[in-house]
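Below is one structure; the comments refer to it alone.
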Amino acid sequence: MGALAEVQDAVTQVTANVGPAVVGIGGGWAQGCGVVIGDGIVLTNAHNVRSEEVRVSFGDDRLVTGHLAGTDIDGDLAVIAVDTEGITPISWPNGTSDAPTPGAVVFALADPGGRGLRVTVGLVSSVGRSFRGPRGRRVTGSLEHTAPMGRGSSGGPVVDAEGRFVGLNTNRMGEGFYLAIPADQELHARVDALARGDNPTRRHLGVGLVPGRAARRLRRSVGLPDRDGVLVQVVEDDSPAARAGLRQGDLIIEAAGIPVSSIDDLYTAVDALSTDDSLALTVVRGTEELAVSVTF
């Protein structure tokens, strides 16, 4: 009973210290969480935010409309300016020595859409993991943990037994694992910039992609020959890809003269462009190879 009592005491302490800083974002199916990181500042995931005005629910039943201060869509981060009414912000770690390692006990907190605070316990199962952000770019260096989380828990904090910010829950992996963006000095600097309205600028192609292995299966299913490449599944209206004439079903096989075998290959070519460069793509449409030039 001693060990169970210690766990219960730790959960009670974390709930009291960190719980008030956990907020709900949105509502209904479009729900998520956030955490107060400063006076008038809430951090959440970019995929939780649908517009410039954001509904924020506090644990004392306040429902306030906040405003998007800054967003990093590819990094899945958003900062909301909102009246936090003196809520004590979450504590950031002091340095790299506080970074969790596999086996460390962590606590995950969530208030999905303002429907009530949840606190669970788990272990750090792995570090240095990666996932794809809302626009397909790879987000690296993530923290994997086993604290059970319900639907709508992304944007809530992961903390250690002292209540210090360990990570921002972001991506459910399934099989009982969740990924969180580490709350390290790099994240702190990025969040400070977003709070000032300094949004990162990355070229946005405007396509939804099917990775190579799945693309080959899809081509075989309609009788087309196998080719390495990534398949265009969606083309956003009025995007650089749409203006260049890319279509759903196009297979991108080269970017800037370099073979494309994965989504990361394509984004590497996009990021390597100079300021005024256009991106030369080779695509296969059916069985015909076409040259496409994308201007950003």
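Below, each value reflects all heavy atoms present in this structure, side chains not excepted, and no hydrogens, waters or symmetry copies. We count residues from 1, following the sequence as given.
- The minimum heavy-atom distance between His145 and Ala180, with the atom names listed, is CD2-CB, 4.5 Å.
- Partners of Phe107 by ring pair (Phe, Tyr, Trp, His ring centres under 6.0 Å), not counting sequence neighbours: none found.
- The backbone N or O of Arg137 sits nowhere less than 3.5 Å from a side-chain atom of Asp74 that would complete a donor-acceptor pair.
- Here His67 pairs with nothing under the ring pair (Phe, Tyr, Trp, His ring centres under 6.0 Å) rule; sequence neighbours left out.
- The stretch residues 116-129 participates, sequence neighbours left out, in these salt bridge (charged side-chain N to carboxylate O under 4.0 Å, His left out) pairs: Arg129-Glu144.
- Applying the salt bridge (charged side-chain N to carboxylate O under 4.0 Å, His left out) test to residues at least two apart or on different chains, the pairs with a partner in residues 242-259 are Asp238-Arg243, Asp250-Arg285.
- Trp92 and Phe165 have perpendicular rings, their planes meeting at more than 60° on a 0 to 90° scale where under 30° would count as parallel.
- Taking 4.5 Å as the limit, every side-chain heavy atom of Val159 sits out of range of all side-chain heavy atoms of Ser91.
- Taking both residues in full, the closest heavy atoms of Val166 and Pro100 are given as CG1-CG, 3.4 Å, listed atom of the first, atom of the second, then distance.
- Looking at every heavy atom in both residues, Pro148 comes nearest to Val121 through CD-O, 3.6 Å.
- Within a 6.0 Å sphere centred on CD of Glu236, heavy atoms belonging to other residues, nucleotides or ligands number more than 12.
- With sequence neighbours left out, the side chain to side chain donor-acceptor pair (under 3.5 Å) criterion links Asp264 to Arg132, Arg138.
- Residues satisfying the side-chain contact (heavy atoms from CB on, under 4.5 Å) test with Ala280, not counting sequence neighbours, are none.
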Distance-only donor-acceptor pairs under 3.5 Å for side chains of residues 36-46, two or more places apart:
unit_1 : atom_1 : unit_2 : atom_2 : d
Thr44  : OG1    : Cys33  : O      : 2.5
Thr44  : OG1    : Asn48  : ND2    : 3.0
Asn45  : OD1    : Gly155 : N      : 2.8
Asn45  : ND2    : Asp76  : O      : 3.1
Asn45  : ND2    : Thr170 : OG1    : 3.2

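- For residues 163-173, the salt bridge (charged side-chain N to carboxylate O under 4.0 Å, His left out) pairs, not counting sequence neighbours, are Asp98-Arg164, Asp160-Arg164.
- Checked by atom type, the side-chain pair Ser239/His204 shows no donor-acceptor distance below 3.5 Å.
- Side-chain contact between Ile80 and Ile25 is present, with heavy atoms from C-beta onward closer than 4.5 Å.
- When hydrophobic residues (I, L, V, M, F, W, Y) are linked wherever their side-chain heavy atoms come within less than 4.5 Å, Leu63 remains an isolated member.
- By the 4.5 Å side-chain criterion applied to Ile, Leu, Val, Met, Phe, Trp and Tyr, Leu281 is assigned to a cluster that also includes Leu205, Val207, Leu209, Val230, Val232, Val235, Leu246, Ile252, Val260, Ile263, Leu266, Tyr267, Val270, Leu273, Leu279, Val283, Leu290, Val292, Val294, Phe296.
- In this structure, Asp265 contributes its side chain and Ser262 its backbone to a donor-acceptor pair below 3.5 Å.
- The two residues Ile253 and Asp228 make their nearest non-hydrogen contact at CG2-O, 3.2 Å.
- Side-chain atoms of Thr12 come within 3.5 Å of backbone atoms of Gln8 as a donor-acceptor pair (strictly under, hydrogens ignored).
- The side chain to side chain donor-acceptor pair (under 3.5 Å) test applied to Asp83 returns no partner, not counting sequence neighbours.
- The closest donor-acceptor contact from the side chain of Asn199 to the backbone of Thr71 lies under 3.5 Å.
- Applying the side chain to side chain donor-acceptor pair (under 3.5 Å) rule to Glu289 yields the partners Arg227; only residues at least two apart in sequence or on another chain are considered.
- We find that Asp72 and Arg190 are joined by a salt bridge, their nearest charged nitrogen and carboxylate oxygen being less than 4.0 Å apart.
- For Leu117 against Asp111, the heavy-atom pair with the smallest separation is N-OD1, 3.9 Å.
- Looking only at side-chain heavy atoms (C-beta outward), Ser154 and Tyr178 come within less than 4.5 Å of each other.
- Using a distance-only test at 3.5 Å, with no hydrogens or angles considered, no donor-acceptor pair links the side chain of Asp9 to the main chain of Glu6.
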